[in-house]
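It should be emphasised that the depicted structure is a prediction, and the values quoted were computed from it without experimental measurement. Quick note on labels: first sequence line is chain A, next is B, and so on, each numbered from 1. Every heavy atom of this structure was used, including side-chain atoms; hydrogens, water molecules and symmetry mates were not.
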Amino acid sequence: MKTRLFLAAAVLTIALAPATVFAQSRQLLLYSWANYVPADLLKRFEAETGIKVSVDVYDSNDAMLAKLQAGGGGYDIVVPSNSVLATMIHADMLTKVEASKLPNFKNVAAPHDRPAADPNRDYSVPYLWGSTGFTYDSAKVPGGKLTESWKEFFEPRPELSGKIAALNDQGEMISAAALYLGLDTCTESPADAQKILELLEKQKPSVKIYSSTGTIDRVAAGEVAMHQQWNGASHRARAKLSTAVFVYPTEGLNLWGDNFAVPKDAPDVENAKIFLNWMMDPRNAAEASNFSGYNNAITGADAFMKADLRDDPAINPPAAFRDRLRPVKDCSVKARELRDGVWTRLRR
Amino acid sequence: MIGQRTHKIVQTAPTMVFLAVFMIAPLVLMAYVSVLERGAFGGVAWGKLTGVAYEKLLMEHDLLGNLVFNGDYISIFARSFELAAITSALTLAVGLPTALYMTTLAPRRATMMLFLVTLPFWTNLLVRNFAWILILRNGGQLDRFLQGTGLTRGPLDILYTPVATGIGLTYSFLPFMILPVYVALQRIDPRLIEAAFDLGADRLRVLTRVVIPLAAPGIAAGVVLVFVPCLGAYVSPELLGGGKSLMIGNLIEAQFGASRNWPFGAALALVLVGVLLLSLALLSRLQRRTRRTP
Amino acid sequence: MKRERAPRLMTGAGVVAALTFAFLYLPIVTLVALSFNANDLTTIWGGFSPKWYGVVVANDDILRATRNSLIVAGTASLAGTAASLAAALGLAGAGRWERTLAEGLLALPLLVPEIVTAVALLLTFVIVGFPLGLTSVIIAHTVFCIPFAYYPIRSRLAALDPALMEAASDLYASPWQRFMRIELPLLAPGVLAGALLAFISSLGDFVITYFVAGPGATTLPVYIYGMIRVGVTPEVNALTAILLFVTIAVITVAFLLGQRPETDQNGGIES
């Protein structure tokens, strides 16, 4: 009986396995988050170019970086955020594809054509971008309105204590705290780090949860009254909960951007360049935005974007909010060490 | 009997060689990483030796640059061990009676039960935790049930507390306790328990004098399989517990991620492995002693 | 004879067991119910819809990941269990020091934090030039399946009367016969328990798989963690539900097939 059951389990294992996908002559190995480049868009890419795309996924920039640094890889395209792009370039992990010379590069809107991490766009093309502010439920806050300041998040009113969620992300949390305190987000001063730590420790009793997973659910279900959040996630949460509001704090908020780049050991650089160019087409960029809820960096994509997304000030910031956006920096080792110390001590 | 001995060696050797190649060799590599300088862009600077990773375990530079004692990592170690111990105790409290009950079933049914105990874990940890959020949150299934039956008044307020972490971890590790305990108990002749009752022993006596000593090898195995992986648990502590404190597994993982400090991650891991190996040796020693004195 | 147990202790155990199964399956029922969620969120109900089953069937990436997971877990748990069983039998009656050393080695994959095993194995594979793919994942999984299979087997061995095993060696000439007729049947529950624990550990592993996988070797947990950025959708629940239903069907069929009267009486290793 036992062996029979076990055999049955083994048979099940094999039976459920569909026929092996054979490697095609022209293929592109994409390494990204799951669903970040929508499957339908990739199918269209395959149809239009005859290049078969195979997707493998990672869960964070840091995990991707660690894996490639340990020698893993063999992918044609990776999707590093600005926060790790400079590192990857300096560590000689990317192929210099001279992306700015690709035909569709003319579509790239400022300031995404000259990011600090890759000023001449030698290595990368922009994909989606967004900001990290906070979302609150106006039905749950006194008076129905909060000021546009990180103060509401870091030094919350007593009524909101214990109803706040923060991202479990040292970069986002420490940057936001530094911006609130008027400090450099990549500060190398231990005294600054101490001030940031004190602010976070004072905030901690008011925080219900530190988590970057399932933020949309948490806001939409009303588990918290306020959630530090990416704007695209906020857009989707607000579609479920009409009383939710996204805030661009006046002190400034992180502006992050993701890029397509080609690793050094990419098997097929030419196919990769075809993909880079294809993704800078307004229609294709718009489709990616429509799927994920984040804005793209392509001029003319507006015309193809869903109206509710294009007209959402949280996604498409009006001129008045633009100067509040602060591009995420790739910190030095010293600054990183301080960030680590703060983040570990906060949760020791 | 030389033939017998050779046979035993032939039986054991392939597994040991496999583990030596794929476990000892990587571990030696990690020991080397732990005494290297961290790379400027993450990774390590191969060939540059230093001991700072070990210094960082206990010391830090203060604002003025002086080296001072830092107890952060010790407190993270301590809390992780505490949580793992509580989880082991809870899984044992739930798992022992369950395993005991399973021994009363006909063998075929018991085998079926083994499958049924493990089947929930064919599902993904993340998705299971999402289901627990739904059950535990205010206005969730449990809250509505308890308030509906009048057992509680007002919101439950259990999600994002240590209680929720405990529930989540106990859930995740339950089969790793039930199965080894069942396997050990299954050899018990039920007549032994019967006889103990006939001789006038009460429940507690039967449990402590008959059942637990017989289940001891299973309990020891279960404790190892629950305690150790629990040290590395991070999904339930964050999603159900609120992520307010770091676990040791979390801390080590961060060194290879956002912190980009591989040498320190390796050093932390080696210290942890050392502590655990010592504890295991003590445990098996204890087991041997209890076996000698029945 | 099987039914006549000491009722006083067992009634209590029966109640706990019933509660345990309710505890084990409550989230699973919830999870399966959510696979019919019209919403695109996993924890908020938005009405009934079977649409996610359509989505999951059309998603080649998630199906490939599922296939990879089942291949890896099936192979690695079998290999790991076989390796543990051989080691456990070989170590029975070994000297104290040999045993302590060997058991330390067998426990090592459990003791070393996953991320460290992951990075170290990746470095090792890269250094020796071993190609990264499904094979490297299977090797890595076999490594950590070993302790999960070993402990239940050891627990079984320890519960057995050593005289039973020794008597076996006196009776039979061929080691293979001894293994098939005596050792394996006696150890069977431990072997099955070990294989099941190894299987679920392999099926759930994320960190080690993530690092040692090459292109095309993404498994289901890696895929699901990769969804966190954009949001985990109920398609994962739908996929899980399909997997559970198929498995339950297979187990039930195997159970019913085995329910022939002549074998039913046989307690096998019991009595």
Enquirer: Give, as side chain, backbone, both or neither, the part of Ser83(A) having an atom under 4.5 angstrom from any heavy atom of chain B.
Expert: backbone
Enquirer: Could you pull out the closest heavy-atom pair between Arg347(A) and Gly243(B), with the gap in Å?
Expert: NH1-O, 3.0 Å
Enquirer: Hey, what do you get for CG (Leu126(B)) to CG (Asp59(A)), rounding to the nearest 0.5 Å?
Expert: 10.0 Å
Enquirer: Where is the tightest heavy-atom contact between Arg348(A) and Ser245(B), given as atom of each residue plus distance?
Expert: O-CB, 4.3 Å
Enquirer: Could you tell me which of Gly43(B), Gly42(B), Gly71(B) has the largest number of non-hydrogen atom pairs under 4.5 Å with chain A?
Expert: Gly42(B)
Enquirer: Measuring heavy-atom distances to chain B, does Ala63(A) have an atom under 4.5 Å in its side chain, in its backbone, in both, or in neither?
Expert: neither
Enquirer: Could you tell me which non-hydrogen atom of Leu65(A) sits nearest to which non-hydrogen atom of Phe41(B), and how far apart they are?
Expert: CD2-O, 4.4 Å
Enquirer: Relative to chain A, which segment of Leu251(B) carries a heavy atom at a distance below 4.5 Å: side chain, backbone, both, or neither?
Expert: side chain
Enquirer: Is chain B contacted by the side chain of Arg218(A), its backbone, both, or neither, given a heavy-atom distance below 4.5 Å?
Expert: side chain
Enquirer: Is there a donor-acceptor pair under 3.5 Å between the side chain of Lys244(B) and the backbone N or O of Lys208(A)?
Expert: yes
Enquirer: By the definition side chain to side chain contact (heavy atoms under 4.5 Å, CB included), identify the one residue from Val235(B), Asn129(B), Leu239(B) that meets it with Thr213(A).
Expert: Leu239(B)
Enquirer: Does OH in Tyr101(B) sit with more than 12 non-hydrogen atoms of other residues, nucleotides or ligands closer than 6.0 Å?
Expert: no
Enquirer: Measure Asp330(A) against the heavy atoms of chain B and call it side chain, backbone, both or neither at under 4.5 Å.
Expert: side chain
Enquirer: Write down the atom of Ile133(B), the atom of Glu223(A), and the distance for their closest heavy-atom approach.
Expert: CG2-OE2, 3.5 Å
Enquirer: Can you tell me which portion of Asn138(B) sits under 4.5 Å from chain A's heavy atoms? Options are side chain, backbone, both or neither.
Expert: neither
Enquirer: First locate atom CG of Asp340(A), then atom CZ of Arg260(B), and finally report the distance between them rounded to the nearest 0.5 Å.
Expert: 10.5 Å
Enquirer: For a quick test of reading the model, state the closest non-hydrogen atom pair linking Ala221(A) to Arg137(B) and the distance between them.
Expert: CB-NH1, 3.7 Å
Enquirer: Tell me, for Ser75(B) versus chain A, whether the close heavy atoms (under 4.5 Å) come from the side chain, the backbone, both or neither.
Expert: side chain
Enquirer: Given heavy-atom pairs under 4.5 angstrom as the criterion, report whether the side chain, backbone, both or neither of Glu60(B) touches chain A.
Expert: side chain
Enquirer: With sequence neighbours left out, write down each residue that passes salt bridge (charged side-chain N to carboxylate O under 4.0 Å, His left out) with Glu55(B), or none if nothing qualifies.
Expert: none
Enquirer: Can Asn70(B) and Arg345(A) be counted as having a side-chain donor-acceptor contact under 3.5 angstrom?
Expert: yes
Enquirer: If you round to the nearest 0.5 Å, how far is CD of Gln255(B) from OG1 of Thr344(A)?
Expert: 6.5 Å
Enquirer: At their closest point, which heavy atom of Ala40(B) faces which heavy atom of Val333(A), and how far apart are they?
Expert: O-CG2, 3.3 Å
